[in-house]
Amino acid sequence: MSRAPSDLSRQFADFFPDPAVRGLATSLMDRILDGHICVPCSDLGAVSDSASDQFRLDGDAVKWVSVGDEALNRPFVLYNEMLYMQRYFRYETDIVERIRARVEQTHLKWSVRTDDLKTLLAAGYAPAYGARAGEDWRQEQTDWQTAAVVRALCSDFGIITGGPGTGKTTTLVRLLEGVYRLNPQARVALSAPTGKASMRMLESIRQQSSHLPENLQQWLNQLKPFTLHRLLGYVPHSIYFKHNRDRHLPFDWVVVDEASMVDVPMFAKLMEACGPETRLLLLGDKDQLASVESGSLLGDLCASADELNRFSKAERELINSFVPRPFQQLGAEAEAADLPPMGRCITELRYSHRFDTAGGVGRLARVVLAGQADEAVQLLRDPTERKELFWYPDSGSVFWETVLEDVLQAYQAYVEEEDVAKALEWFKGYRVLTPVREGQQGLYALNLKIEEGMRRRYADRVGQREVYYRNRPLLVTRNDYALGLFNGDVGLVRPDPTHNGQLRVWFESGEEGGGLRSFHPSAINACETAYAMTIHKSQGSEFDRVLVVLPEREENKLLTRELIYTGITRARRQVVMWGTESVLRAGMERRIQRISGLAERLK
């Protein structure tokens, strides 16, 4: 998609005296600002015919472009007919080389680690989820969670991917139990791209581990959550971190949740900071929205495996020793050497414990992800699906009053609840989600309209004039480590009886045992009203019900299949969709496409 060059692209291009090179620099920078890592030469307009040979022969271009494997001493790199900025080529190359080294290291340590696991098995360690939860697993249902745990415990680098409700956190708890049993002194870092996601991971681990032995619970409770920036040691006003290739992280394991939100530069720096003795595990949904920054890292890593859940004969035999009854098949059997490098690292969880396979929300998510617009429309129109799916197939002010009535009723419970902790729980049950911030169906307009409706409907309970009025829900938009508040935290403005009824903002504590914290509104530096939030901000969250609001215009490029899927899968029980059929179809036809060479180079 062509567009006018950005100011930043023009400023970057001004560094180059040659007009042809300035044009190339502008085009490349614009693509990077759109999230791409590199650009095919054929897409660069005036230099569309400039492949490897021409760059070598072109006297002007050769001054600025490194070709192939030659010394990377120029601002641009041409590799496999793709043009990179040197920095991004180095990031991608570092990731490829470090993953390959970890795969090789796993191969060298395989026999030792399998012997260790067999010792755990003899001591009673059984990570099989179905067996522990007492579920009636059918013979044909593969326990992918056990497969993921066993593979990860043998690997220096691993990925556990799966859609909502497939048990990524449960699998992580089983894995951490194995880590502890192997080494009670193991140092583990729990991290995520955002503070809210890292705290949510820790809370989920504690909830899932309540049945475990006390010594293991104590060890899990000592684990600390980090944002990736805090884990690596953020250096203000710099692209560098305190932990790097010369100063490695002091952990035996680094676990990264919500990995779909991690961008390529950050991941390159993370891998650089993980020494050879630190094992790295990513968790996330490969089909969710990619990072708002450069690349689609998790999707590219998973795509490089060609086919997920293939296991070698030796792996299959090991995994089957940990389950109540052997599987007839665990993917296509192969020798380890025949699997692509990433094929030995990734396990996809495929059974959802949140969505019934026949339920409306799960079926809608699947058809949206598959781009099956006719099926999605049919599901939303099906009157038998009203318990889980509802559709307002129009947009604009005429339909708004009907939609608003549903929203006001959904928020009634939290407004009328006197207990602050319970009110926060009620508020977490419902959310309005939108892809965009601007426009009549964007974040700002929706929050204003809902706010006006709340003040009319609940005049005695919702403040009328103050900025920080009673019962205003607030979303923190920037990490504040001093206060312990993180981007994505949600609080409620309520009077504090211990401060003479002064209005304060109340948040869940996030500590073991629960509780609340409150702050004077002036202490919170970055926040916005949270009746509605963007789908990007909702990543990693779950609500009982969601209202997914589509933009007014079908040509809105922000609306993509992945974004609609992410919005739908925030709901546990019901999805309400508001928007026209034409906009829904246009969004489902549009996919997030981030160009990089990562998947191809890892194959």
Side-chain angles (χ1 to χ4, degrees), residues 163-165 285 287-289 352 354-411 429-436 439-443 445-446 449-450 453 532-535 538 542-592:
D285 183 348
D287 297 313
Q288 270 192 198
L289 287 168
S352 177
R354 184 193 305 175
F355 299 135
D356 187 326
T357 54
V361 175
R363 289 165 62 200
L364 181 63
R366 285 195 298 276
V367 298
V368 166
L369 196 56
Q372 297 169 341
D374 290 342
E375 288 82 351
V377 170
Q378 183 178 350
L379 268 173
L380 288 167
R381 285 178 171 164
D382 189 344
T384 65
E385 297 287 353
R386 287 291 177 263
K387 185 177 180 181
E388 290 193 37
L389 303 175
F390 192 86
W391 188 17
Y392 295 105
D394 206 336
S395 62
S397 58
V398 174
F399 249 72
W400 169 244
E401 291 303 322
T402 305
V403 175
L404 179 61
E405 182 63 26
D406 183 38
V407 174
L408 297 182
Q409 288 182 8
Y411 284 138
Y430 178 84
R431 202 57 44 90
V432 178
L433 304 178
T434 176
V436 296
Q440 287 303 303
Q441 290 176 215
L443 178 74
L446 287 171
K449 292 173 181 177
I450 297 170
M533 62 193 301
T534 63
I535 294 175
S538 75
E542 296 177 7
F543 311 99
D544 289 333
R545 298 174 60 216
V546 299
L547 168 64
V548 178
V549 181
L550 304 180
E552 305 101 302
R553 302 171 66 86
E554 58 190 72
E555 59 267 28
N556 193 307
K557 301 301 182 184
L558 289 175
L559 186 67
T560 63
R561 186 185 305 177
E562 293 85 354
L563 189 138
I564 298 170
Y565 166 81
T566 302
I568 289 168
T569 54
R570 299 312 90 205
R572 299 186 190 95
R573 299 178 184 172
Q574 186 188 50
V575 173
V576 178
M577 187 83 68
W578 178 33
T580 64
E581 180 179 335
S582 62
V583 171
L584 175 62
R585 287 180 177 274
M588 288 182 61
E589 289 176 2
R590 198 177 294 119
R591 301 213 64 172
I592 294 176

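Atom set for the values below is all heavy atoms of this structure, side chains included, hydrogens, waters and symmetry mates excluded.
Between Leu408 and Ile450 the shortest heavy-atom distance is CD2-O, 4.3 Å. The heavy-atom pair separating Val576 from Arg545 by the smallest distance is CG2-NH2, 4.2 Å. In terms of heavy atoms, Leu404 sits closest to Gly453 at CD2-CA, 4.4 Å. In terms of heavy atoms, Pro164 sits closest to Tyr565 at CD-OH, 3.4 Å. Across every non-hydrogen atom of Ala532 and Leu443, the tightest pair is O-CD1, 3.1 Å. When every heavy atom of Leu389 is checked against every heavy atom of Gly360, the shortest pair comes out as CD1-O, 3.6 Å.
The side-chain heavy atoms of Gln440 and Lys449, taken from C-beta on, include a pair separated by under 4.5 Å. Considering only heavy atoms from C-beta on, Val549 stays 4.5 Å or farther from Val403 through its side chain. Between Met533 and Leu433, the closest side-chain pair of non-hydrogen atoms falls below 4.5 Å.
Note that CE of Met577 and CZ of Phe390 are 12.5 Å apart. Values are rounded to the nearest 0.5 Å. Annotation: the span from Met588 atom CE to Gln372 atom CD amounts to 7.5 Å, rounded to 0.5 Å. Here the CD-CH2 distance, from Glu405 to Trp400, works out to 11.0 Å after rounding to the nearest 0.5 Å. Rounded to the nearest 0.5 angstrom, Arg590 CZ and Arg561 CZ are separated by 11.0 Å. Rounding to the nearest 0.5 Å places CG of Asp285 at 6.5 Å from OG1 of Thr569. One distance of note links OG1 of Thr434 with CG of Leu547; it measures 9.0 Å at 0.5 Å rounding.
A 6.0 Å sphere centred on CD of Gln378 holds no more than 12 heavy atoms belonging to other residues, nucleotides or ligands. Shown here is Arg553, whose CZ atom has no more than 12 heavy atoms of other residues, nucleotides or ligands within 6.0 Å. More than 12 heavy-atom neighbours from other residues, nucleotides or ligands sit within 6.0 angstrom of CD on Glu581.
Every side chain to side chain contact (heavy atoms under 4.5 Å, CB included) that Leu289 has, sequence neighbours left out, goes to Ile535, His536, Gln539, Thr560, Glu562, Leu563, Thr566, Ile592. The salt bridge (charged side-chain N to carboxylate O under 4.0 Å, His left out) check on Glu554 picks up nothing, with sequence neighbours excluded.
Residue Asp406 is tested with Tyr411, Trp578, Tyr430 for a side-chain contact (heavy atoms from CB on, under 4.5 Å); the sole match is Tyr430.
The backbone N or O of Val377 sits nowhere less than 3.5 Å from a side-chain atom of Arg585 that would complete a donor-acceptor pair. Listed for the Glu552 side chain is no donor-acceptor partner under 3.5 Å among the backbone atoms of Gly439. Gln441 places a side-chain N or O within donor-acceptor distance of the main-chain N or O of Leu550, the cut-off being under 3.5 Å.
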* To do: Would you sort out whether Leu379 and Glu385 count as a side chain to side chain contact (heavy atoms under 4.5 Å, CB included), showing the intermediate values?
  => CA-CA 7 Å; Leu379 268 173; Glu385 297 287 353; 4.0 Å; yes
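Arg363 and Asp382 are not joined by a salt bridge, as no carboxylate oxygen comes within less than 4.0 angstrom of a charged side-chain nitrogen.
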